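Here is how names work: the chains are called A, B, and so on, in the same order as the sequence lines, proteins then strands, and each is numbered from 1. Bear in mind that the values here come from a model prediction, so they are computed numbers and not experimental data.
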Amino acid sequence: MTVITRFAPSPTGYLHIGGARTALFNWLFARHNKGTYRLRIEDTDRQRSTDAAIAAIFEGLKWLGLDWDGEPVMQFARAARHAEIAHKLMAAGNAYHCYATPEELDEMRKTAMAEKRSPRYDGRWRDRDPKDAPPGVKPVVRLRAPQTGRTVIKDLVQGDVVFENEQMDDMVLLRADGTPTYMLSVVVDDHDMEITHIIRGDDHLTNAARQTQLYLTAGFKVPDFAHIPLIHGPDGAKLSKRHGALGVEAYRDMGYLPEAMRNYLLRLGWGHGDDEIISTVQAIDWFTLDNVGRSASRFDFTKLANLNGIYIRQSADADLATAVTPILAQKTGRALSDGEVGRLQAAMPGLKERAKTLIELAEGALFITATRPLQPDEAAKKLLEGPGRDMLARILAALRSVDDWTVAATEAAVRDLATKAGVKLGQVAQPLRAALTGRATSPPIFDVLVVLGREESLGRINDAATS
RNA sequence: GACCCCAUCGUCUAGAGGCCUAGGACGUCACCCUUUCACGGUGAAGACGCGGGUUCGAAUCCCGCUGGGGUCGCCA
């Protein structure tokens, strides 16, 4: 049997982190099994669905590298097909008209709650003669669900989960206006799309029971379910916006790499022994559902950042320079010159092991685009006062005599100066660093000298020495 | 409230009855490397929620409790 999975977000907002992981697991499972991974946009809520959200979902998935097979299915476009199934169920006596008003339903729930029972529809129109229908009331169509026995979900992650049928009420299939509900649409679409494995968030587990009732009465084959645990915020509660329930594009803007994101999301709720750094190729090879954990996990920005730092260090300098250039342009408010882009790439080996995000990488590279005279920060200012300034005059003289502008030659000159002055290298290097970068921290200082070039370096030192 | 799910260091996890003196990773702390900051290296502290069973033996199986979470819409 060929595996067919799907990711089915509703376009009522951005693609958030939980959805991204659900998509990742579906994608991984399909790729691992050489199956098909499809996308379905559940846009049946006409009030809340927006084109902007659909675009954001496409973009988010593309950024994450989770390519889907075939054209995305737009659920609302299939409403007639969904209704057709409901009408068939009606004709077969497996569904019925219900004329209960919203007020009545509200009343039922309140009473049930008060009596400490499960709040649900009491089935008052289930066996009632349609001739009793109150005039002027448009009915909904409800499934005539089994009232005895039990419904068992054979969940690939959670194991067998048993629901007593008497605990479930007759769900609405068609609204009073004739449009299909989510429950109907999902089941019909998954059936028509021949989905073999439904991998989705744990919050759908109870839905799976009701959907199974529908599959069974409609005579559809029940797919395999895998309900993966939810992602919580650092406090253990539902993921809030300030805790990470952001759209994936927000992570992109914060400077996270898609491959780091994939690795982090993969390790949240899934493990493969002691392995931590897992390439996507490796993940496809290793991914199975029985390695998925059963308990919810908390989102940890710190760990994501650590992983991102590792992936940044592994990235090619040219790729990083390309990624950072627009960020730097935005920070400086102007486009970068070719020379600056070249220097950026040249500085990348020293830059990239000091950054956990692309934003930090850009900040570290700011000394490259800075124009003379530099505006030193507070820590750098201290280094440029008093003895530091005196030292800079001697550094300037020493470096002016260097013609072969290389790491080795400049380092030799500066070390020689430190020895002659009888001070530690740091006492020379730190003022020099402040003069060249305007900061107290930077990549190795001789690398900086070479990246900036002789003329610019001597100019910056002169500025600091004479200011 | 009803139903359902879950429970190993602060966090993510390994652990399928003896390989567990409970392993790894992030974070934390120390030290080393070092021109700064990092990176890297070495080391330390740190967990099987509680109570009963079953068993020669339980983190692993069973029951209860406690705690956390999810769902109860003519939303998805």
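- A salt bridge links A:Arg81 with A:Glu84; the closest basic N to acidic carboxylate O contact falls under 4.0 Å.
- In this structure, A:Leu384 places its CG atom 17 Å from P of B:rU36, rounding to the nearest Å.
- B:rG73 makes up no base pair with any nucleotide shown, lacking Watson-Crick or G-U wobble contacts both under 3.5 Å.
- For A:Leu205, taking side-chain heavy atoms from C-beta onward, the closest of the listed nucleotides B:rU35, B:rA76, B:rC4 is B:rC4.
- RNA chain B is contacted by A:Glu353, A:Arg354 of residues 347-355 of chain A, taking any non-hydrogen atom closer than 4.0 Å.
- A:Thr441 comes within 4.0 angstrom of a base, heavy atoms only.
- Residues passing the side chain to side chain donor-acceptor pair (under 3.5 Å) test with A:Arg433, sequence neighbours excluded: A:Gln430, A:Ser442.
- Contacts of A:Thr12 with the nucleic acid, taken as non-hydrogen atoms under 4.0 Å apart, are absent.
- For A:Asp447 and B:rA38, the CG to C1' distance is 13 Å, given to the nearest whole Å.
- Taking only side-chain nitrogens and oxygens, A:Arg439 never comes nearer than 4.0 Å to OP1 or OP2 of B:rC37.
- A:Arg294 comes within 4.0 angstrom of the backbone, heavy atoms only, and of no base.
- With a 4.5 Å cut-off on side-chain heavy atoms, A:Met74 and A:Ile54 count as touching.
- In this model, no donor atom of one side chain and acceptor atom of the other lie less than 3.5 Å apart for A:Thr357 and A:Asn308.
- Of the candidates B:rA76, B:rC74, B:rC4, B:rC74 carries the atom nearest the A:Val172 side chain, counting heavy atoms from C-beta on.
- Of the candidate nucleotides B:rG73, B:rA76, B:rC5, B:rG73 has the atom lying nearest to any side-chain atom of A:Arg109.
- Regarding contacts with the backbone of B:rC4, every side-chain N or O of A:Thr206 stays at 4.0 angstrom or more from both OP1 and OP2.
- In this structure, A:Lys110 reaches neither bases nor backbone, as no heavy-atom distance under 4.0 Å exists between it and the strands shown.
- The A:Pro119 side chain lies nearest to B:rC72 when the options are B:rG24, B:rC72, B:rA7.
- The side-chain heavy atoms of A:Arg6 and A:Pro223, taken from C-beta on, include no pair separated by under 4.5 Å.
- Comparing B:rG23, B:rU36, B:rU11 by their nearest atom to the side chain of A:Asp274 picks out B:rG23.
- Considering only residues two or more places apart in sequence or on other chains, A:Asp319 meets the side chain to side chain donor-acceptor pair (under 3.5 Å) condition with none of them.
- Among the heavy atoms of the strands lying under 4.0 Å from A:Ala100 is at least one base atom, whether or not backbone atoms are also near.
- Atoms NE2 (A:His232) and C1' (B:rC5) sit 11 Å apart, rounded to a whole Å.
- In terms of phosphate contacts, A:Ser297 brings a side-chain nitrogen or oxygen within less than 4.0 Å of OP1 or OP2 of B:rU13.
- For the 3.5 Å distance criterion, the side chains of A:His197 and A:Asn26 fail to qualify, holding no donor opposite an acceptor.
- Contacts of A:Pro229 with the nucleic acid, taken as non-hydrogen atoms under 4.0 Å apart, are absent.
- Between the P atom of B:rU34 and the CZ atom of A:Arg433 lies a distance of 15 Å, rounded to the nearest Å.
- Within the structure, every side-chain polar atom (N or O) of A:Arg150 is placed at least 4.0 Å from both OP1 and OP2 of B:rC3.
- Look at the C1' atom in both B:rC29 and B:rG10: the space between them is 14 Å, to the nearest Å.
- Nucleotide B:rG10 forms a Watson-Crick or G-U wobble pair with B:rC26, both donor-acceptor distances falling under 3.5 Å.
- Nucleotides B:rU8 and B:rG49 have their C1' atoms positioned 10 Å apart, rounded to a whole Å.
- A:Lys424 has no side-chain polar atom (N or O) that falls below the 4.0 Å cut-off from OP1 or OP2 of B:rU34.
- Going from atom CG of A:Asp122 over to atom P of B:rC72 covers 19 Å, rounded to whole Å.
- Using a 4.0 Å heavy-atom distance criterion, A:Val162 is classed as a sugar-phosphate-only contact.
- Contact annotation for A:Asn207: base contact, defined as any heavy-atom pair under 4.0 Å involving a base atom.
- No contact: A:His227 has no heavy atom under 4.0 Å from any strand.
- Among the atoms of the strands shown, base atoms are found under 4.0 Å from some heavy atom of A:Val140.
- Side-chain polar atoms of A:Tyr96 and A:Asp170 form a donor-acceptor pair below 3.5 angstrom.
- Dashed line: the shortest gap from a side-chain N or O of A:Arg267 to OP1 or OP2 of B:rU11 is not under 4.0 Å.
- The CZ-C1' distance, from A:Arg21 to B:rC12, rounds to 11 Å in whole Å.
- Listed pair A:Asn306 / B:rG27 meets the phosphate criterion, a side-chain N or O lying under 4.0 Å from OP1 or OP2.
- One interatomic measurement links the two molecules: CG of A:Leu230 to P of B:rC12, which rounds to 14 Å at whole-angstrom precision.
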Salt bridge (Lys or Arg N to Asp or Glu O under 4.0 Å) assessment of A:Arg142 paired with A:Asp169: CA-CA 9 Å; A:Arg142 285 181 186 271; A:Asp169 60 8; 5.0 Å; no
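- When distances run from any side-chain atom of A:Pro444 to the nucleotides B:rU36, B:rA76, B:rC74, the shortest one goes to B:rU36.
- As judged by a 4.0 angstrom heavy-atom cut-off over every strand, A:Tyr264 is placed among residues making no nucleic acid contact.
- The side-chain heavy atoms of A:Leu24 and A:Leu64, taken from C-beta on, include no pair separated by under 4.5 Å.
- Across all strands, A:Ser442 comes closer than 4.0 Å to base atoms (heavy-atom distances).
- Contacts of A:Glu276 with the nucleic acid, taken as non-hydrogen atoms under 4.0 Å apart, include base atoms.
- Spacing of C1' atoms, B:rG15 relative to B:rA22, comes out at 8 Å, to the nearest Å.
- When the P atom of B:rU28 is taken as reference, atom CG of A:Asp300 falls 11 Å away, rounded to whole Å.
- Rounded to a whole angstrom, the distance from the C1' atom of B:rC65 to that of B:rG27 is 33 Å.
- The residue among A:Gly426 and A:Thr302 whose nearest nucleotide of RNA chain B lies closer to the 5′ end is A:Thr302.
- Nearest approach of A:Leu361 to A:Lys352, heavy atoms of both residues: CD1-CA, 3.6 Å.
- Remark: B:rU54 base-pairs with no nucleotide; criterion is Watson-Crick or G-U wobble with both hydrogen-bond distances under 3.5 Å.
- Toward the 5′ end of RNA chain B lies the nearest nucleotide of A:Gln167, the other residue of the pair A:Gln167 and A:Asp275 mapping further downstream.
- Candidate nucleotides B:rG73, B:rG70, B:rG1 were compared by shortest atom distance to the side chain of A:Met113, and B:rG1 ranks first.
- Atom CD1 of A:Ile17 is separated from atom CD1 of A:Ile231 by 6.5 Å, given to the nearest 0.5 angstrom.
- With B:rA76, B:rU35, B:rC5 as the choices, the nucleotide that has an atom nearest any side-chain atom of A:Asp45 turns out to be B:rA76.
- The residue A:Ser10 sits close only to the backbone: its heavy atoms come under 4.0 Å of sugar-phosphate atoms, none of a base.
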